[in-house]
Amino acid sequence: MPDIKFIIENKELVEDGLRKKGYEKKDLDLDALIGLHQKISALKTSSQALAEEKNKLSAQIKSASNEERPAIIAKSKELGEQFKVEEQELGRLQEEFDLMMLKVPNLPSDDAPVGKDDSENVVRRYVGEVPHFDFTPKDHIELMAVNDWAEMERIAKVSGSRTYAIKNELSKLELAMHMFVLDKLRGYGFQVITVPSISKEKPLYGQGYLPFSRDEVYYLPQDDLYLSGTAELILNSLRADEILTENELPILYAGFSPCFRREAGAAGKDTRGLVRVHQFMKTEQFVICKNDMAESEKWHQQLLKISEEVLQDFELPYRVLEVCTGDMGAPKYRQYDLEAWVPSQNCYRETHSCSNITDWQARRTNLRYRANADGKVKFVHTLNNTGIATPRALVPFIENHQNADATVNIPAKLQPYMNGVKVIGKNAK
RNA sequence: GGAUAGAUGGCCGAGUGGUCGAAGGCGCACGAUUGGAAAUCGUGUGUACCUCCAAAGGGUACCGUGAGUUCGAAUCUCACUCUAUCCGCCA
């Protein structure tokens, strides 16, 4: 949510941004928002004038003579009544205004491709060679079955659809991937942090999950708590309401957590296998930096570079997609997705999502810092990107690295995390 | 789940109805002192909003959150939330 003053002063710019993001007047009425703000300002002016007068009278009471006092008290009381009425009206309007502001999305970057949905995302580059098998490659579900790597049917009986239980070498691989990425991030100066998957409601507004996607999130009514869909949710609120010093920035978190998603809007999509599950593990990259476009653009590129490096180290062919304005979520200023090649589906599937949020989340969590140059308090910028998310990443991994005998090669960089094992599977020597 | 204690500024901590945006200390910034530093001394040091706007100024609100009593609340009342400790349970 941009600043209301910015919205008023740059109304056309904001309207243009809303249009690009696919908003219509029925989604968000800027004129109503601005009108509400003007009403609130006017009411504040008058109610504050009342408060001032009332305060002045109250201050006189102690020193007033016994004759004067009753009149002053009566007058003050009268002002108090008026004040109360205006305060109540103000509270009502403010609440309405706040709710509306929560719905204002971030404005997209001028450099972001303009488009209405994912069909208009732009491929920036292809990296790595798509493998050509001289045998019929298996999909990841077959590979898991052949190698006794999973309990897909049985776990569905226990835990329902879109759940997974993987075992033996594959679960070792899953955890190894996270260890590998966490070590890499540590090398880049990130603090490794394991965070809860349980959240109060407020952080969901802070991140921008609410009020937009309530259907997507698990809710625990007994405790009025939510299950987190990503460590970003938690990390974004970890420093909420703080005023940091500029010297503390940037703050780099490598967050690890189980993640939960209802996948309510994905009925029928990816129902089999490991691509889309209700619970998964994610190592997340999260950055808090100065309020400076050059600075956050730099971090955006850095995060992208790190995740590309992960896919390269895993020797997976992938492409870099720049997400168009209509497909970006409300919080985003600019977004890249990485998609790795999935042989069985003959297409690229998303493994990473890298976003610059600028100050949009920081305004919601009230996370600020004091700038060294002028001593002014400013909102930070936040950015996030996947480090690695499993089990989805296992899908391209085992499919691309499979051999004719259903064994799977472990890329050199990952072997140290697998006790030096080079090949896994039933037929591995 | 049971019991108790608590929540005040960047931190510690005083404050039981007006003189309290809030003593004192620490920290921080600037200045003096010094060859330089430490120590010492002095000065300053919250946020949001309204008004005004070149700047300054003036004002309102904020002592966990919300409501109430009162001319007036950090202070009194009620509800809630959170935190800590002990007991119970437990990976």
(request) With sequence neighbours left out, write down each residue that passes salt bridge (Lys or Arg N to Asp or Glu O under 4.0 Å) with Glu322(A), or none if nothing qualifies. (result) Arg124(A), Arg334(A)
(message) In the structure I gave you, are the side-chain heavy atoms of Asn356(A) and Lys332(A) within less than 4.5 Å of one another anywhere?
(response) no
(request) In whole angstrom, give me the gap between the C1' atoms of G17(B) and A38(B). (result) 47 Å
(message) Is the distance between the ring centroids of His178(A) and Phe256(A) under 6.0 Å?
(response) yes
(message) With a cut-off of less than 4.0 Å, is there a side-chain N or O of Arg370(A) near OP1 or OP2 of U47(B)?
(response) yes
(request) With C1' as the reference atom in both, quote the distance from A23(B) to C12(B) in angstrom, rounded to an integer. (result) 14 Å
(request) Using a strict cut-off of less than 4.0 Å between a Lys/Arg side-chain nitrogen and an Asp/Glu carboxylate oxygen, indicate whether Glu248(A) and Arg239(A) qualify as a salt bridge. (result) yes
(message) With nearest nucleotide decided by heavy atoms, which residue, Ala59(A) or Ser41(A), maps closer to the 5′ end of RNA chain B?
(response) Ala59(A)
(message) Less than 3.5 Å apart, any donor N or O on the side chain of Tyr219(A) or Arg262(A) sitting next to an acceptor on the other?
(response) no
(request) Report the residue (Val377(A) or Ile73(A)) whose heavy-atom-nearest nucleotide on RNA chain B is the more 5′ of the two. (result) Val377(A)
(message) If you compare every side-chain N and O of Lys5(A) against the phosphate oxygens of C50(B) (OP1, OP2), does one of them come in below 4.0 Å?
(response) yes
(request) Would you indicate, yes or no, if A61(B) has its OP1 or OP2 atom less than 4.0 angstrom from a side-chain nitrogen or oxygen of Asn55(A)? (result) yes
(message) Could you tell me how far A74(B) sits from U65(B) if I compare only their P atoms? Round to whole Å.
(response) 12 Å
(message) For C71(B) and Lys77(A) - does any side-chain N or O of the residue sit under 4.0 Å from the phosphate oxygens OP1/OP2?
(response) yes
(message) Using a strict threshold of under 4.0 Å (side-chain N to carboxylate O), is an ion pair present between Glu263(A) and Arg162(A)?
(response) no
(request) Taking atom C1' in both C62(B) and G9(B), compute the distance separating them and give it to the nearest angstrom. (result) 11 Å
(message) Suppose you measure atom C1' in A39(B) against the same atom in A32(B); what distance do you get, rounded to whole Å?
(response) 14 Å
(request) Round to the nearest Å and state the distance from Asp241(A) atom CG to G9(B) atom P. (result) 13 Å
(message) With rounding to the closest Å, how many angstrom separate the P atoms on G64(B) and G13(B)?
(response) 14 Å
(request) Would you mind telling me which of C71(B), U60(B), U47(B) lies closest to the side-chain atoms of Gln48(A)? (result) U60(B)
(request) Check whether any side-chain N or O of Lys84(A) sits under 4.0 Å from OP1 or OP2 of U69(B), and answer yes or no. (result) yes
(message) Between Asp27(A) and Lys103(A) (salt bridge meaning N to carboxylate O under 4.0 Å), is one present in this structure?
(response) no
(message) Say we look at G46(B) and A29(B): how far apart would their C1' atoms be, to the nearest angstrom?
(response) 15 Å
(message) Using the P atom as the point on both nucleotides, what is the distance between C28(B) and C11(B), in whole Å?
(response) 15 Å
(message) Just to be sure I understand: a Watson-Crick pair is purine N1 to pyrimidine N3 plus N6-O4 or O6-N4, both under 3.5 Å. Using that and G-U wobbles, which stems of three or more pairs involve RNA chain B?
(response) B:1-7 with B:81-87, B:10-12 with B:24-26, B:27-32 with B:40-45, B:46-51 with B:57-62, B:64-68 with B:76-80
